[in-house]
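Structure first, commentary second.
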There are 2 protein chains.
Amino acid sequence: MSLAQLRYFVAVAEEQHVTRAARRLHIAQPPLTRAIRSLEDEVGAPLFTRTARGVRLLPAGAILLTRAREILDALDAAVAEARRAATDAPH
Amino acid sequence: MSLAQLRYFVAVAEEQHVTRAARRLHIAQPPLTRAIRSLEDEVGAPLFTRTARGVRLLPAGAILLTRAREILDALDAAVAEARRAATDAPH
DNA sequence: GGCGCGCCATACCGAGCCGGTATTGGACCG
DNA sequence: CGGTCCAATACCGGCTCGGTATGGCGCGCC
């Protein structure tokens, strides 16, 4: 599992549409499809149902969506905090 | 930045020693050195001081260590929770 | 003060992953 | 029943990641 995979997952969940999410992420649709499937493999459970109009979150996906957002936000905050600690006490 | 990089960073910080951390992670020392340097590049600040006996955490590194542990724990918890949600309500 | 040892850093190489294009298969809608 | 729109698959190229070999440097012991 990678951070990119988590970001991809969040985008797909928000768009409920793989192709639109791919456009938003500036990548093509097939690698995005693969990343999501590989994430489902790793979690060991499907995260979306596939429909003719796009995809829909399953319960496990909804849980993961919340947690993934928290993790990605925490990561950004962690980096910002570390940078701040480095510039605050330079000598 | 990758999750592997965060795990590597935590191991090096805990061991205060790149070579020992590499053994613990079951990878060789050079890739680990590179991963840490690349992490420092990305954060934009050095995280360790290099000494003749190993490495020592800088303030920015100490901050990041705490946050990295939280993030990695949160990730494990998130996956476990998603799995649970998938098996709990199967139909 | 020179010698040796242990550490991190660099050079180089091969394999596996990631993203891209092209295409298929299938469901809904007129 | 044909067109359209969606995700899924096939296949390929570049790049990243990990491995081996080696270098450079500082400390410690005579």
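The chains referred to below are lettered A, B, ... by the order of the sequence lines, with proteins before strands, and numbering in each begins at 1.
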In terms of side-chain geometry, is the basic nitrogen of [X] or [Y] positioned less than 4.0 Å from the acidic oxygen of its partner?
X	Y	answer
A:Glu40	A:Arg50	yes
B:Glu14	B:Arg24	yes
A:Glu81	A:Arg84	no

Looking only at the side chains, is there a donor atom on one of B:Thr66 and B:Glu70 sitting less than 3.5 Å from an acceptor on the other?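 Result is no, nothing qualifies.
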
Would you please say whether a donor-acceptor pair under 3.5 Å links the side chains of B:Ser38 and B:Glu42? no

Quick one: how far along DNA chain C does chain B reach, first to last nucleotide 5' to 3', anything under 4.0 Å to a heavy atom?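 So the outermost contacting nucleotides come out as C:dC7 to C:dT10.
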
A:Gln5 side chain to A:Ala35 backbone, donor-acceptor under 3.5 Å: yes

I'd like to know if the side chain of A:Arg83 reaches the main chain of B:Val43, judged simply by a donor and an acceptor atom lying under 3.5 Å from each other, with no hydrogens or angles considered.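 Yes.
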
Which whole-number value in Å describes the distance from A:Leu32 CG to D:dT9 C1'?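 A:Leu32 atom CG is separated from D:dT9 atom C1' by 15 Å.
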
Distances for protein N or O near nucleotides 15-20 of chain D N or O, under 3.5 Å:
from	atom 1	to	atom 2	distance (Å)
D:dG18	OP1	B:Tyr8	OH	2.8
D:dG18	N7	B:Arg34	NH2	3.3
D:dG19	OP2	B:Ala28	N	2.7
D:dG19	O6	B:Arg34	NH2	2.9

Distance test, side-chain N/O of [X] to OP1/OP2 of [N], below 4.0 Å:
X	N	value
A:Arg20	D:dC6	no
B:Arg53	D:dG28	yes
A:Thr19	D:dA7	yes

Side chain proximity check, A:Val18 to A:Phe48, heavy atoms < 4.5 angstrom: no

